[in-house]
Amino acid sequence: MAKTFKKVPSGVSGFDEIAHGGIPKGRVTLISGASGTGKTVFSAQFLYKGITEYDENGVFVTFEESPADIIKNMEGFGWDVNKLIKEQKWAFVDASPDESESMEAGHYDLGAFLARIEYAITKVNADRVAIDSVSALFAQYQDPSIIRRELYRVTARLKKMKITCIMSAERPTETGHITRFGVEEFVSDNVILLHNRLDHRGMRERTVEILKFRGSGHESEEAPLIVDMSGLNIYPRPKPQLRGKGFSEKISTGVAGLDELLEGGVYKNSSTLVTGSSGTGKTVTTLHFIMEAAKRGEKTLFIEFEESPDQLFRNAYSFGWDLEKYVKNGSVNLVCHYPEDFKAEQYLRVIQHLVTENNIKIAALDSLSALQRIYTEEKFREFVIGLNAFLKMQDCTMLLTNTTSQLLGVTKITETNLSTATDNIIILKYVELGGKMRRLLSVLKQRGSRHKKELMEYEISTYGMKILGAFEGVENLMSGSARTLQIRFDEKEAEQEFREEIKEGRI
Amino acid sequence: MATKYVLKLYVTGQTSSSARALQNLESLLKNELKGMYELKVIDVLKNPRLAEEDKILATPTLTKALPLPIRRIIGDLSDKDKVLLGLDLTFE
């Protein structure tokens, strides 16, 4: 039977998910990355959260920055390391470079270093040790082979003392060797890589990748890493999963005529995409959906990227809906943000938090296009799939809107990967008919249900969206410029056309 | 008046390199400094706190606190020329 290793929570949000539990307990884990990848913050967070959340005291061995600098830098995350030192929960082993001149005259080992680590561990009764970064140690001595041998001795001792240790090392470049000076030769059981590179749009992206955990499972894919006010956060990539439950119950979209087309509304737990060009009424449709749910007494989440809360309230009032009241009493959780405020992974986290905290079953997002504008194609796809998977798991019914750039004519929805990610698609569009711009609504698909396929005309009035009836006797509507099928014979017009054609030499 | 040397030798217990360092140092001090020094031998296994305060990593380490500049000489002091250089005892 395979030996399984226990793990301890890392204290780095999201990391334990990709590490299937955390950092291997009682062993040494190497964290390697080029400068600026977050090694020091990871190390400090591992200790700080270890103490404050998991009751495991820690020793921080620093080879680069002075303890004073580290304490100061960690204040930025709200971590009071001084307090923990006073409480005898955190100890430093200060191995940062000394100013005094140093020279070598004969054989030596790092016995004093080992004695200091052991002393610090005993002093605070530590379970965790972070060593940051061993690469700096090599620079202080002439013979790297001695340092390698001595570091091996240190790791062996730590293992014997059942200490969970993370040891950081500098990676010379983003590709190639795992560490400078071959540190991985003696700590090779568990290796984590931190990356910091530019994506194809020139945006800096940090990620974490678990290269190996000997004898233990982990995700192998890179996961985005973001440093914010709270420290390091890791955002495991959402896994698309098959929906667990199918629902047979339908809920109203809030638009009477639309429910009829959908044979009673949308399925609970489904996702609906409303797509249309600017001004076709996507936000109104969203308002219908939210107001209807709020009136039913359901908790809803309303993410609005296009308008401010005040604009939205005014907008809703103009249709006779008191959205503000529902927002104030907490039944509608309104989130109005600039899409630029968060990265995709953070947005997903914010939404997940809101949905689980408030037990939300109805969610709407208006519009995805705002996100599409700023995310890379891959990130956008991940976001939509991740959001979809999460909301389904929560038995949440979702409505998404998407703005198409074309005012008239045919738009491909499949291009944006949205069509496969959503269960139902409703198209709103303008058509030119009889010298007028008219509005057309069509249900393109409804997964698992029958729906009416007619092309419907609708209007936006003071009561919101109203379905008027099917366009009849016209064709080519979806191209945007329709032709009536009735052939109206107008002598004058025919005469005129005839003359023109002769003039142009076509006849 | 000759300058007085203030020296500390950090060792780890009774190891052979500790003994060698002490032996090398004492013979050198006897010949070169003729009593004008103060030497403290610190066993870091017994006094790890002192090693922490003085930021000692390697053993043996000899530190010269006086005369200035402060200097550390790492190793068992078998390289006599280096030690003399480190203690500013090389005369032309």
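Computed from a predicted model, the values in this text were never measured in an experiment. Letters A, B, ... are given to chains in the order of the sequence lines, protein chains preceding strands, and every chain is numbered from 1.
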Novice: Among Val11(B), Ile56(B), Val44(B), who wins on heavy-atom pairs under 4.5 Å with chain A?
Specialist: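 Heavy-atom pair counts peak at Ile56(B).
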
Novice: Just give me the residue among Thr12(B), Asp79(B), Ile74(B) that pairs up with chain A most often, heavy atom to heavy atom, under 4.5 Å.
Specialist: Ile74(B)

Novice: Taking every non-hydrogen pair under 4.5 Å, which of Lys80(B), Lys55(B), Arg49(B) racks up the most with chain A?
Specialist: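 So the answer, after comparing Lys80(B), Lys55(B), Arg49(B), is Lys55(B).
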
Novice: Would you compute the distance between atom CZ of Arg72(B) and atom CE of Met103(A) and round it to the nearest 0.5 angstrom?
Specialist: 13.5 Å

Novice: For atom CG of Asp55(A), is the number of surrounding heavy atoms from other residues, nucleotides or ligands below 6.0 Å larger than 12?
Specialist: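 Atom CG in Asp55(A) is not crowded, with 12 or fewer foreign heavy atoms closer than 6.0 Å.
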
Novice: Within a radius of less than 6.0 Å around NZ of Lys25(A), do more than 12 heavy atoms belonging to other residues, nucleotides or ligands occur?
Specialist: no

Novice: Contact part of Leu137(A) toward chain B, heavy-atom cut-off under 4.5 Å: side chain, backbone, both or neither?
Specialist: side chain

Novice: State whether the side chain of Glu104(A) and the backbone N or O of Gly75(B) hold a donor-acceptor pair below 3.5 Å, judged by distance alone.
Specialist: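 Not at all, since once roles are kept as given, no pair shorter than 3.5 Å links the two residues.
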
Novice: Which bit of Phe92(A) is near chain B, if near means a heavy-atom gap under 4.5 Å: side chain, backbone, both or neither?
Specialist: backbone

Novice: Between OG of Ser102(A) and CD1 of Ile70(B), what distance do you get to the nearest 0.5 Å?
Specialist: 12.5 Å

Novice: Using non-hydrogen atoms and a limit below 4.5 Å, what part of residues 106-129 of chain A faces chain B?
Specialist: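 Within residues 106-129 of chain A, the residues that come under 4.5 Å of chain B (heavy atoms only) are Gly106(A), His107(A), Tyr108(A), Asp109(A), Leu110(A), Gly111(A), Ala112(A), Phe113(A), Ala115(A), Arg116(A), Tyr119(A).
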
Novice: Give a yes or no on this: more than 12 heavy atoms of other residues, nucleotides or ligands lie within 6.0 Å of atom CD of Gln14(B).
Specialist: no

